[in-house]
Protein chains: 2
Amino acid sequence: METTVKPKKLVRTSARTTGGSLSSNGGNGSRDGASRGALDSFQLQALSFFVHAFAALSLPRSIGEIYGLLFSTEEALSLDDIIERLLISKGSASEGLRWLRSLGAVNPVYLPGVRKEHFTAETSLRKLATGYLRDRINPHLENGPERLRLLQESIVEGMPQSSFQKSRIGQVAGWYKFMGKILPLVKALAGKF
Amino acid sequence: METTVKPKKLVRTSARTTGGSLSSNGGNGSRDGASRGALDSFQLQALSFFVHAFAALSLPRSIGEIYGLLFSTEEALSLDDIIERLLISKGSASEGLRWLRSLGAVNPVYLPGVRKEHFTAETSLRKLATGYLRDRINPHLENGPERLRLLQESIVEGMPQSSFQKSRIGQVAGWYKFMGKILPLVKALAGKF
DNA sequence: CAGAATGTTCAAGAAATTTTGAACAAAAAT
DNA sequence: ATTTTTGTTCAAAATTTCTTGAACATTCTG
């Protein structure tokens, strides 16, 4: 649930990586082995920012790190670039990227003559909000009617408390109506930023 | 992060409780020891509903259970009533109740001549939304300006990427503006339900 | 086609969170 | 003042979630 804020290390100190090949070095100034984990101050600050922001949504650190890195880097980065700079495992990077992709929070960039997929951060509030709502909120709302029905059917008619129970059902129905009103509003407003 | 939905038992099967005193039995029909864990079908369905809903916000099962029980029960319940009906520990019940109270999701009910504190569920969407935003969203927004400043100060002037970095800062500033616009809207609309 | 490069999956381990239960504190009753 | 009732706190245990890394699948290259 996370009530108190604990200090967390920003970049892992462990040096083990998958031992894989070096970066494709999509165009930034740094060079090869010497560049591992070398992030500029803006990138470091962005990692801190997004790890914190994503944690507010109870999302894992690795996802915040990946988005933060892409957000703060002008060039598109490959999976290996991300692994190398963040010192995270291939598995984390792959799954984190998959999650961000499904949300629409990262954009694939097709570079002619380059095999590896490269990504940049999507920063449009409209797209981010839409993706988040679609992937993480709508699924819960979609089975709302079904859940409401189950609740209704659980009422035993004629019991002394059934009148109270019906009023509770009414409340829940109202909550769903509220969600139905507010979500389009959020999307609409997000479109203006 | 929870991507796939796993089946979770609704009511614990273990029978150990704190071994404490029996319920004050705030007025419902059931009696003493025989009533332990005896929930009607509406209450069971409500538990399922709220455990699921709270899980969507990454909140622990115990909190969903407590709110679900209070929501589906007409009488005010005491800490011991909750422990007895949900078969959860005193610690969970106490901390869960504390959390719900700080949010404003439960209301203390003062019963004349009764020592134990009793609670009912708060169901007003306005109060629930306000409490949630106040306790769980605002804290993150409040240090927004500070975080934005740190981000700005991390830019090294004159670097080739500093122009890109400034445009990113602009995006983040926009996100904060959006939050400043949308939250009052949410509160206002919640007031109408 | 064989070999290399790239990316995914998932079992096992690590880390974080939640729950328990007993010790403790506070308030009320006797 | 002592005992009882009520509720809180927190270390340890249980559980859940995240990360790792190696095996696997797939696609490209020569």
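Note that the structure is a prediction, hence the values are computed from the model and not measured. Here is how names work: the chains are called A, B, and so on, in the same order as the sequence lines, proteins then strands, and each is numbered from 1.
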Set out, line by line, the N/O atom pairs under 3.5 Å between protein and nucleotides 9-14 of chain D.
| unit_1 | atom_1 | unit_2 | atom_2 | d |
| --- | --- | --- | --- | --- |
| D:dT9 | OP2 | B:R98 | NH1 | 3.2 |
| D:dT9 | OP2 | B:R98 | NH2 | 2.5 |
| D:dC10 | N4 | B:E95 | OE2 | 3.3 |

Open item on the list: Rounded to whole Å, how long is the line connecting atom CG of B:L79 with atom P of C:dA25?
Closed with: 19 Å
- [ ] To the nearest Å, give me how far apart CD1 (A:I66) and P (C:dG7) are.
- [x] 13 Å
Task: Rounded distance (Å) that lies between atom C1' of C:dT19 and atom CD1 of B:I83 - done: 13 Å
Open item on the list: Could you tell me if the side chain of A:Q45 sits less than 4.5 Å from the side chain of B:Q152, heavy atoms only?
Closed with: no
Open item on the list: With a 4.0 Å cutoff (strictly under), does any side-chain N or O of A:S89 reach OP1 or OP2 of D:dG21?
Closed with: no
Task: d(CD1, B:I88; C1', C:dG21) in whole Å - done: 13 Å
- [ ] Summarise how protein sits on nucleotides 24-30 of chain D as a single string, 5' to 3': B when a protein heavy atom is under 4.0 Å from the base, S for sugar-phosphate-only contact, - for no contact.
- [x] ---BSS-
- [ ] Determine, step by step, whether A:M179 and A:I137 satisfy the side chain to side chain contact (heavy atoms under 4.5 Å, CB included) criterion, reporting the C-alpha distance in whole Å, the side-chain angles of both residues, the deciding distance to 0.1 Å, and the verdict.
- [x] CA-CA 10 Å; A:M179 293 303 280; A:I137 308 293; 4.2 Å; yes
Open item on the list: Without decimals, in angstroms, what is the distance between B:L86 CG and C:dT19 P?
Closed with: 11 Å
- [ ] Taking the six-membered ring for Trp and the single ring otherwise, decide whether the centroids of B:F71 and A:W175 are under 6.0 Å apart.
- [x] yes
Open item on the list: Taking the minimum atom-to-atom distance to the side chain of A:P60, which one of C:dT8, C:dT6, D:dT19 wins?
Closed with: D:dT19
Open item on the list: If hydrophobic clusters are built by linking Ile, Leu, Val, Met, Phe, Trp and Tyr wherever their side-chain heavy atoms come under 4.5 Å apart, do B:L141 and B:L103 end up in the same one?
Closed with: yes
Open item on the list: How about NZ on B:K187, more than 12 heavy atoms from neighbouring residues, nucleotides or ligands closer than 6.0 Å, or not?
Closed with: yes
Task: Nucleotide C:dT20, atom P - distance to CG of B:L87 in whole Å - done: 10 Å
Task: Polar side-chain atom of B:Y67 near backbone of B:V51 as donor-acceptor pair, under 3.5 Å - done: no
Task: Rounded distance in Å - CG (A:L59) to P (C:dA16) - done: 16 Å
Task: Option passing salt bridge (charged side-chain N to carboxylate O under 4.0 Å, His left out) with A:D80 (candidates A:K90, A:R85, A:K116) - done: A:K116
TODO: May I ask you to verify if any side-chain N or O of A:R101 is less than 4.0 angstrom from the OP1 or OP2 atom of C:dT8?
DONE: yes
Open item on the list: Please report the distance, rounded to the nearest Å, between CH2 in B:W99 and P in D:dT8.
Closed with: 17 Å
Task: Spacing of CD1 belonging to B:I66 relative to CG belonging to B:L69, to within rounding of 0.5 Å - done: 8.5 Å
- [ ] Decide yes or no for A:E153 and B:S41: does some side-chain heavy atom of the first lie under 4.5 Å from some side-chain heavy atom of the second?
- [x] no
